[in-house]
Amino acid sequence: MSTILEIRDLKKSYDGGFEALKGVNLSIEEGEIIALLGPNGAGKTTLISAICGIVMPTSGSVTVAGHDIGTDFRAARTLIGLVPQEVALEPFEKVINTVRFSRGLFGKRGNDPLIESILKRLSLWDKRNNQIKELSGGMKRRVLIAKALAHEPRVLFLDEPTAGVDVELRKDMWEIVADLKADGVTIILTTHYIEEAEAIADRIGVIAKGEILLVEDKDALMQRMGKKELEVQLSAPLDALPASLQSEHVRLGADGDSLIYTYDTRAERTGITKLLSDVAAEGLVLRDVVTRQSSLEDIFVTLVKEDAA
Ligand SMILES: Nc1ncnc2c1ncn2[C@@H]1O[C@H](COP(=O)(O)OP(=O)(O)OP(=O)(O)O)[C@@H](O)[C@H]1O
Ligand SMILES: [Mg+2]
C-alpha cells in the first residue's frame, strides 16, 4: 500500500493564541479507514479543516498523494471530499442540482450517470427533485455525502457523519463507507460513537487537546484491550497456583484467595467451562465469581483522563 496522506508536525493556533493542534503527525495509507476518536474540543474538526484548506495551519505540512496543500492546493483539494460536521445546505435548491454543482466547483465536466449512481447508492434518487428543505435531517446528511463524492475524491473526510442519526441510518452509513472502501476510497472519520469505530475502522486514532495520543491497528488494539477478567474467589487462600491450573491466562490474586483468569471476549471458546471444572477437580471451593471487562471505551476514557492529569 502507498501513503496517500502525510501530515507532519501540523500546528494550529487560532487568533488569540489558542493552540488547537500541537504538532500532529499521521500517515494514512491508500484504501484504509481510520477513525479519529476524541472528546469535544480535541481538535478533530480543526485537523480536518486544516487538511481541506478551511483553516490555515500555523506550521507543519500536509501532502495528499504527494501534493502539498500549501504550494499545490488545487491538486491536493481535488483529491479530497469533505462531509462537514455542520449541515450547511441551500434550502431551496433541488437535491440533484446541489450535487451537480459540487462537481462543477472542482472544474469537473458534468457526469449525470455518475451523479445518478451516487444518488442511488445513498437512497436519494427518489428525492432528487425535492428541495433540500423538504428532506429529513438524516437525508440531509446523505446529501452532504453525495456532494462530497460528486467530484470522485480519493480521500473522504467524514466529520461525525452519524451524530444525531438514528440507529438504522447509522448502519446504512457504515455500509456506504464499506462500499466506498471497496472502491478504493480512503476514509478518515471522526466519531463519538466508539462502537462505530469498532464496526468500520481499520485503524483507530485517539486525539485529545490537539495531540494524537495513539494510532493503532483496530484488531491489534481490540486484542490488547478487548480482554475480560474472571475472578474466582476462593473460600480458603492458596499458597501457590496448583499445577493443574497453571497457564499463561491464570494467576493467583494478591491475597491468594482468588484466581484471576484473563480471556478474549471475542474468542469462540472462552475456556471458562474448563477452568471451572479444573477448579472443581482441584477440590477448591468457590465463594463468588466476578467478571470485569476492559473495552475500547475504558481505554479511551483512561487515555484521555491520563492526558488531562
Ligand atoms: N475559529 C476558531 N477560533 C478559535 N478557537 C477555535 C475555533 N475553532 C475551534 N476552536 C477551538 O479549538 C479547539 C478544537 O476545536 P475543534 O472544533 O477542532 O474540536 P473537535 O475535536 O472537532 O470537537 P467536537 O467533538 O466538539 O466536534 C476547541 O477548543 C475550540 O474552541
Ligand atoms: Mg468537531
Side-chain angles (χ1 to χ4, degrees), residues 5 7-26 28 33-62 64 69-70 73 77 80-89 137-138 140-145 147-148 153 155-166 169-170 173-174 177 186-201 203-216 218 296-309:
L5 184 69
I7 303 167
R8 291 240 176 91
D9 202 21
L10 192 69
K11 295 185 181 169
K12 172 64 190 175
S13 298
Y14 282 109
D15 294 346
F18 181 80
E19 205 178 14
L21 296 177
K22 298 174 182 161
V24 169
N25 290 290
L26 187 61
I28 294 176
I33 301 180
I34 180 161
L36 296 176
L37 301 173
N40 290 131
K44 303 179 296 296
T45 299
T46 302
L47 177 61
I48 290 177
S49 303
I51 298 166
C52 298
I54 295 166
V55 309
M56 183 72 103
T58 309
S59 64
S61 74
V62 177
V64 186
I69 58 155
F73 179 68
R77 185 63 183 87
I80 294 174
L82 169 64
V83 179
Q85 183 169 8
E86 305 290 339
V87 177
L89 293 164
K140 285 182 193 147
R141 286 209 171 265
R142 289 172 197 234
V143 173
L144 291 178
I145 297 179
K147 273 167 60 85
V155 182
L156 183 65
F157 289 91
L158 296 159
D159 198 356
E160 298 195 31
T162 60
V165 150
D166 70 26
L169 182 55
R170 186 169 305 152
M173 206 72 96
W174 296 356
V177 169
T186 306
I187 293 156
I188 295 113
L189 73 117
T190 71
T191 183
H192 286 281
Y193 299 104
I194 292 179
E195 79 272 19
E196 180 158 286
E198 225 173 295
I200 59 179
R203 270 201 303 163
I204 310 262
V206 177
I207 174 167
K209 291 200 205 144
E211 286 176 299
I212 301 242
L213 302 181
L214 164 154
V215 186
E216 199 170 327
K218 180 188 67 188
L296 186 50
E297 178 134 17
D298 288 335
I299 302 296
F300 171 68
V301 170
T302 313
L303 273 169
V304 169
K305 238 193 234 149
E306 270 173 13
D307 184 63

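In each ligand, atom 1 is the first atom listed, and ligand 1 is the first ligand listed. The residues of the chain are indexed from 1 along the displayed sequence.
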Heavy-atom distance under 4.5 Å between the side chains of [X] and [Y], does that happen here?
| X | Y | result |
| --- | --- | --- |
| Leu47 | Thr190 | no |
| Val143 | Leu89 | yes |
| Leu82 | Arg77 | yes |
| Glu19 | Ser13 | yes |
| Leu158 | Met173 | no |
| His192 | Asn40 | yes |
| Ile200 | Ile187 | no |
| Asp9 | Asn25 | yes |

Give the residue and atom name of whichever protein heavy atom lies nearest to [atom], and the separation in Å to one decimal.
| atom | result |
| --- | --- |
| atom 5 (N) of ligand 1 | Tyr14 CD1, 3.3 Å |
| atom 14 (C) of ligand 1 | Gly41 O, 3.3 Å |
| atom 26 (O) of ligand 1 | Asn40 ND2, 2.8 Å |
| atom 25 (O) of ligand 1 | Lys44 NZ, 2.7 Å |
| atom 15 (O) of ligand 1 | Thr46 OG1, 3.7 Å |

Separation of Ile54 CD1 from Thr46 OG1 (nearest 0.5 Å): 10.5 Å
CZ of Phe157 to CD1 of Ile51: how many Å apart, nearest 0.5 Å? 4.0 Å
Please calculate the OE1(Gln85)-the Mg ion (ligand 2)-OG1(Thr45) angle and round it to 10 degrees. 80°
Any nitrogen or oxygen of [X] lying under 3.5 Å from a nitrogen or oxygen in ligand 1? Just yes or no.
| X | result |
| --- | --- |
| Leu47 | no |
| Phe18 | no |
| Gly38 | no |

State the atoms of ligand 1, each with its element, that fall below the 4.0 Å cut-off from a heavy-atom position in [X].
| X | value |
| --- | --- |
| Thr45 | 17 (O), 18 (O), 20 (P), 22 (O), 27 (O) |
| His192 | 25 (O) |
| Ala42 | 19 (O), 20 (P), 21 (O) |
| Glu160 | 24 (P), 25 (O), 27 (O) |
| Gln85 | 27 (O) |

Given the protein's heavy atoms, is any one of them under 4.0 Å from atom 30 (C) of ligand 1? no
